[in-house]
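Working notes, structure below.
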Amino acid sequence: MYVLEMKDISKEYFGNRVLKNVNLNVKPGEIHALLGENGAGKSTLMNILFGMSVIHSTGGFEGEVLIDSAPVNIMSPHQAMDHGIGMVHQEFMLIPGFTISENIKLNRELLKANPVSAVIDLVAKDNKLSTVDVAANARDARVALDKLDMGIDEFTLVSGLPVGHMQFVEIAREIDKEGLKVLVFDEPTAVLTESEALNLMEAMKKLAAQGIGILFITHRLDEVIHCADRVTILRDGEWVATKDKVDTNVVELAELMVGRKVEILPKAPREGVGDEIILSLNKLSVDMPGEKVKGVSLDVKRGEILGIGGLAGQGKIGIANGIMGLYPTRGEILFQGKPLKLNQPKATLDDGIAFVSEDRRGIGLLLDSSIEDNIAVTTMQTKNDFLKSWGPFKLQDKEKIRQHAESMIKEYDIRCIGPHQYTKRLSGGNQQKVCLARAVTLAPDLLLVSEPTRGIDIGAKKLVLDNLLKLNEEGMTIIMTSSELAELRSIADRIAIISDGKLAGILDPTAPDADFGLMMAGNLKGGEDV
């Protein structure tokens, strides 16, 4: 009856019990959603299924895993793949220096004979000296990419791709595999726009129709209602419920996840934002792979929350990255009436601009450092805070760093065992909260936040959005880039839509849905004067 069964799964990390007798089963050909807050145990459960080393190097787990009703002992990802289990991880497992095609076919490359290998094969039947068939691998990669409606060239290097494109490459790699029985999608739509997410869910339905069991981990509850057959909810490492999709709704699922009623309301109209310009972009161009900006001119008012939206690959992500100088940038940026130095991130931070990147692991965090060090490090470097003098030397003020980190952990509800915990041991959503806490610690005049709620559950999402509103009410100007239009409409005073690297227009959050859709597709220009 079930292609996958996980029975009475329990797991401890150094005395901290993160899973408690969890049961989960997936039928062939069904899409089974797995829900829970950040820290509920979803990632740990999937690490057990996929045989990740972090499980076995910390004492293993209790319980039993069955594939097609037969018990299995999965000790490595390679063994998991041998059993027909594939996984699209929340954090990317790609090699930056390889092309898209090479990443998709990694360890499964198609080979062809050459004169040397042909001779050896006659004697030893060994293909170790065969040549990689680049053209054949590229053809397979192209087929997988086309299933996802991804038009990017298969010979493009992964290095420098926007996170949305990287996610599709991860998915294409799994689609290309043969012999799949169970395919796990861990937050696959977190970095995708609504239209891209719909394309992905249609691809998931096609895979399920082939008899593959799909395990779909997401925080977007509307996606669960759209494509899932059944739903299992975890809370604090324990099983809460398993429900058929037809017997539940978004409100009930949210309450089961967090144990309380949660609702993100549209932003109420307010007064107080004047006409003073804090940031002015004049013909800004940014050479960010997959997110190029092509001459955007835009003014940001002091005290507002400006939303930036648009489809993936259209340039919305590139604006904040260009302002921070992380990619080659041209044009003019005026901040508080003075020219901002281009392509100099340190100078931008010194001028009072902070940034929460959409790429938390690649740019946002020091993964092998503690939570408290991550929160304080940028402020130490730019403002000489969290330091104390010892003669002619400056040393870290450990006590002050610890006190501040503990207050940030409480304010942002960072689920951890303490401020000393390494950030690489946190769930993705809690890593994102650390990034936000570090940026806020700088007390900037302008805060750039790019996909701030990516991979965060609905309860934590409301907390983050409420904190951004609080910072704004206290006087901080915020530019928020997001793929989720509903979030932008709940928090922004104005929303700028980027299409084909250019500013298509600026809309009021209360504008009709059709106007946003048409503008994102490049079929509507205007809104405010641009």
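These numbers were taken from a predicted model, which means no experiment stands behind them. Numbers here are sequence positions counted from 1.
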Any residue meeting salt bridge (charged side-chain N to carboxylate O under 4.0 Å, His left out) with K7, in chain and number order, not counting sequence neighbours: E5

N/O donor-acceptor pair under 3.5 Å between H56 side chain and I74 backbone: yes

Donor-acceptor pair, side chain of T477 and main chain of G303, under 3.5 angstrom: yes

R425 vs V54 side-chain heavy atoms within contact, under 4.5 Å: yes

I401 vs M380 side-chain heavy atoms within contact, under 4.5 Å: yes

Sidechain-backbone polar pair: R489 side chain, P509 backbone, donor-acceptor under 3.5 Å: yes

Donor-acceptor under 3.5 Å (T423 side chain, Q431 main chain): no

Side chain to side chain donor-acceptor pair (under 3.5 Å) assessment of E451 paired with S483: CA-CA 7 Å; E451 306 288 2; S483 299; 2.6 Å; yes

Y13 six-ring face occupied by K11 cation (under 6.0 Å, within 45°): yes

Nearest atoms (heavy-atom pairs only) where T329 meets N343: N-OD1, 2.8 Å

Full working for side chain to side chain contact (heavy atoms under 4.5 Å, CB included) between N321 and L448: CA-CA 9 Å; N321 281 275; L448 310 176; over 6 Å; no

D186 side chain to V88 backbone, donor-acceptor under 3.5 Å: no

R402 side-chain N/O to P419 backbone N/O, donor-acceptor pair under 3.5 Å: no

Check against side chain to side chain contact (heavy atoms under 4.5 Å, CB included), L200 and F185: CA-CA 10 Å; L200 172 61; F185 287 87; 4.2 Å; yes

Pairs meeting criterion ring pair (Phe, Tyr, Trp, His ring centres under 6.0 Å) with involvement of residues 386-417, two or more places apart: F386-H404

Heavy atoms of other groups near D236 CG, more than 12 under 6.0 Å: no

Side-chain donor-acceptor pair present, T379, T441, cut-off under 3.5 Å: no

4.5 Å side-chain heavy-atom contact, I479 and I305: no

Donor-acceptor contact below 3.5 Å, side chain R230 vs main chain N25: yes

K398, K394, K400 screened by side-chain hydrogen bond (donor to acceptor under 3.5 Å, both in side chains) with Q396, the one that passes: K398

Smallest separation among heavy atoms of G322 and V286, with atom names: CA-CG2, 3.6 Å

Derivation and outcome, side chain to side chain donor-acceptor pair (under 3.5 Å), residues S450 and S357: CA-CA 5 Å; S450 187; S357 172; over 6 Å; no

N/O donor-acceptor pair under 3.5 Å between Q79 side chain and M75 backbone: yes

I100/L161 under side chain to side chain contact (heavy atoms under 4.5 Å, CB included): CA gap, chis, key distance, verdict: CA-CA 10 Å; I100 291 175; L161 284 178; 4.1 Å; yes

Over all atoms of both residues, closest heavy-atom pair of A443 and K383: O-NZ, 3.9 Å

Side-chain touch F335/L446, heavy atoms, less than 4.5 angstrom: yes

E474 atom CD, over 12 foreign heavy atoms within 6.0 Å: yes

I478 side chain near I491 side chain, heavy-atom distance below 4.5 Å: no

Flag if over 12 foreign heavy atoms under 6.0 Å of NZ, K20: yes

Side-chain donor or acceptor of E406 paired with backbone N/O of Q403 under 3.5 Å: no

E291 backbone acceptor or donor facing Q314 side chain under 3.5 Å: no

Side chain to side chain donor-acceptor pair (under 3.5 Å) between T382 and D350, intermediate numbers included: CA-CA 6 Å; T382 60; D350 290 340; 5.0 Å; no

Pairing residues for F61 by the ring-ring contact (aromatic ring centres under 6.0 Å, His included) criterion, not counting sequence neighbours: none

L326 side chain near P345 side chain, heavy-atom distance below 4.5 Å: yes

Heavy-atom closest contact (L365 atom, R438 atom, distance): N-NH2, 4.3 Å

T453 and its side-chain hydrogen bond (donor to acceptor under 3.5 Å, both in side chains) partner, picked from E487, K433, Q432: E487

Heavy atoms of other groups near K177 NZ, more than 12 under 6.0 Å: yes

